[in-house]
Amino acid sequence: MIKKILVANRGEIAMRIMRSCREMGVLSVAVYSEADRTSMHVRYADEAYFIGPSPSSQSYLRIDKIIDVAKKSGADAIHPGYGFLSENAEFSKICKAEGIIFIGPDEHAINIMGDKIRSRKMMIEHGVNVVPGAKGKIESDADALKVVKEIGLPVMIKAAAGGGGKGMRLIKNESEIISAVRAAKSEAKASFGNEDVYIERYISSPHHIEFQVLADKFGNTIQLFERECSVQRRHQKVLEETPSPLMTPELRKEMGEQAIMAAKSVDYVGAGTVEFLVDDDRNFYFLEMNTRLQVEHPITERVVGVDLVKAQIRIAQGEKLWLKQSDLHQYGHAIEVRIYAEDPDNNFMPNPGLIKHITEPLGLGVRHDGYVYEGFEIPMEYDPMISKLIVWGLNREEAIDRMKRALYAYKITGVKNNIKFLAKIIQAKDFVNGNYNTHFIEDNIDFLKEDIEVPEIYEDIAAITSFLDYYSKLNPNDGNGKDCPEIESEWKSFGKRRGLIRF
Ligand code: MV4
C-alpha cells in the first residue's frame, strides 16, 4: 500500500493530485523551486522540500534532486503530473531502480509512444487505423518521392521525436518535397537530437478526439470514452468537451476498442490517452498516445464518475481493475476551459504577474481547479495557465449555459487573461451548433476578439466578494490597511446601480 507520494510538479495539477491523496489518507510531499516558495502546493502538502532555482531545468526537471527528496522523505511513490518529467522514460526507469513506485507506465511504453515511427508501426501490427503513409522513416530523397507518389499530395512530414505539433510541415507541391524533407530532418535533429522523419497523407480539416484508457498490471484495460479537443490555438488546447458532438455510438465503440488495442500493444499500465484525428466522414486515425494524466482529465471524471488520480494510485499499488467496461457510462455533458494569464489582444502574449483580485465561480455543476490566490505572483518561468474551469450539465445546452454563467462570474485582476475570449468561444454559432474542427479558432477569430458586454449583475458579484475580502483583511484599529481604490470604486458603482447602498 502506498502511504506517501512525492508530487513532482507544481501549480493546479500538484493541487489536484494532493487532494486525491488526502482523500485516500496518503501523505503528500511537495517539491518547489525558488519561484514557488509561496505557492499553494507547498502550503497544502504534508511536507515540502526546496529543490533549486526557478528555471525548471534546475528544479522540476532535476531527476537526481527529486529522487533525493523521495528518499529523504520516505515517499514510496512519485506522481509526475503532466509536463516536466511525466513522459521521461529515464525517470520512470530510475524510480523503479531506486525502489520507488512511478505512478505511470514503464520505460518501454513511454519509449515506444515517444517515437512516432515506432508507435505507428506498432499500431499497424495491432490493427489500429493510422493515417495512410510511409511504413517507416524516410531513407533518402528517392524514398520521399516514391512515398509521396504512392499516397498523393498534399502530405505532412513529421518528426519521429515530435508530437503535439512540433516538427510538422505541410507539403502541397511536388517541387517542395526534397527541400522540405531535408529541412524537416535538420530541424528535427536540432530540436530533438533525432533526425528521423516520416510522411503521411494530409487530413485537411480534422477533429482531434482522444480516448481515456486505464490499464492495470494484470492486462485488464478499459476505455473511459472520448474527449473532443478540437478547440485549440497553435497546438495549445483551449476548450475540451465530452461527449464529442461528432460522435455516434458505433464510432465510439470502434474508436474505444482501438484505443484499448493501442494501450495493450505496449503493455500499458496506468492512465493514458490515445489521440485520433477524425475527418468529416468520421474516418479516424491514430495520432499518438500520451503516457500521462492530461490537463483535460476532469471532463472525463465528471461524465464517467471516476477519480482518475485515485485510479492511478490504486493501479500503481498493484490493485486489479475494479471496473469492467460494462460498468462505464457517460452521464450528461462536461466542458472545460483553460484560464491563461495572457493577452488575447496582443497575440496571446503570456502575462504573468501579481494576482490582485480573484473571484472564483461557484454553484451547481461548477468545478474550479486552480492554485492562485490574491497576492500570489504567477511566475514567468512556467506555463501561464491560471486554472481550469469545468462545468457539467444534463445535456450540452445546459453545460454551455452554465459555462457562460460561470465565466461571467469569474473575475481576475492584476494579470491580463482570456476569460472574455473563452466566453466568446462558447457563444460562437459554430461552437453552439457543435459544428467545428481544429480550424475553429482561426476561422472565427474576428468574432472571438470582439468585446463582450458582461451583464451588470455579474460585475456586482465580483464587487461584493472583492469588497468583503478587502475589508476582512484590514485591521480597522491600526490604520495600516492598504487602500484599494479599484475595489472601492467598483463597490460604489455597484451601490449606485442597485440603489441599495448609501455612502
Ligand atoms: C496531422 C494533421 C493533418 N494530417 N496529420 C497536430 C498535432 C500533432 N499531434 C499532429 N497534428 C496534426 N497532424 C495529418 N496527417 C493535422 C494536425 C493538426 C492538428 C491535430 C490535432 C489538433 C490540432 C491540430 C491543429 C493543426 C494541425
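When a residue number appears, it is its place in the shown sequence, counting from 1. Both counts, for ligands and for their atoms, begin at 1 and track the order of listing. What you are looking at is a predicted structure, and each value in this text was computed from that prediction instead of being measured.
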Margin query: The test is ring-ring contact (aromatic ring centres under 6.0 Å, His included); show your working for Y340 and F348 and say whether it passes.
Written below: CA-CA 9 Å; Y340 282 97; F348 300 88; 9.3 Å; no
Closest protein heavy atom (residue, atom, distance) for [atom]:
atom                    : answer
atom 3 (C) of ligand 1  : I203 O, 3.2 Å
atom 16 (C) of ligand 1 : P206 CG, 4.1 Å
atom 18 (C) of ligand 1 : H235 CE1, 4.2 Å
atom 7 (C) of ligand 1  : G165 N, 3.3 Å
atom 20 (C) of ligand 1 : L277 CD2, 3.7 Å

For a quick test of your reading: what N or O donor-acceptor pairs under 3.5 Å do the side chains of residues 100-112 make, sequence neighbours left out?
{"residue": "D106", "atom": "OD1", "partner": "H108", "partner atom": "N", "Å": "3.3"}
{"residue": "D106", "atom": "OD1", "partner": "A109", "partner atom": "N", "Å": "3.1"}
{"residue": "N111", "atom": "ND2", "partner": "E107", "partner atom": "O", "Å": "3.4"}

Verify the distance criterion only: is there a donor paired with an acceptor across the side chains of [X] and [Y] at less than 3.5 Å?
X    : Y    : answer
Q212 : H297 : no
Q330 : E226 : yes
T248 : R252 : no
S244 : R227 : no
N173 : E176 : yes

Atoms of ligand 1 close to [X] [distance to a heavy atom under 4.0 angstrom, numbered from 1]:
X    : answer
M156 : 1 (C), 2 (C), 3 (C), 4 (N), 5 (N), 14 (C)
R201 : 4 (N), 14 (C), 15 (N)
Y202 : 3 (C), 4 (N)
V131 : 15 (N)

Margin query: Would E200 count as being in polar contact with ligand 1, using the rule that some N or O on each side must be under 3.5 angstrom apart?
Written below: yes
Check: Which residue from K158, E288, M168, Q232 reaches closest to atom 1 (C) of ligand 1 through any of its heavy atoms?
Finding: K158
Next item on the list: Closest by any non-hydrogen atom to atom 21 (C) of ligand 1: pick that one out of K237, H208, H207.
Entry: H208
Check: Is the number of heavy atoms from other residues, nucleotides or ligands within 6.0 Å of OH (Y331) greater than 12?
Finding: no
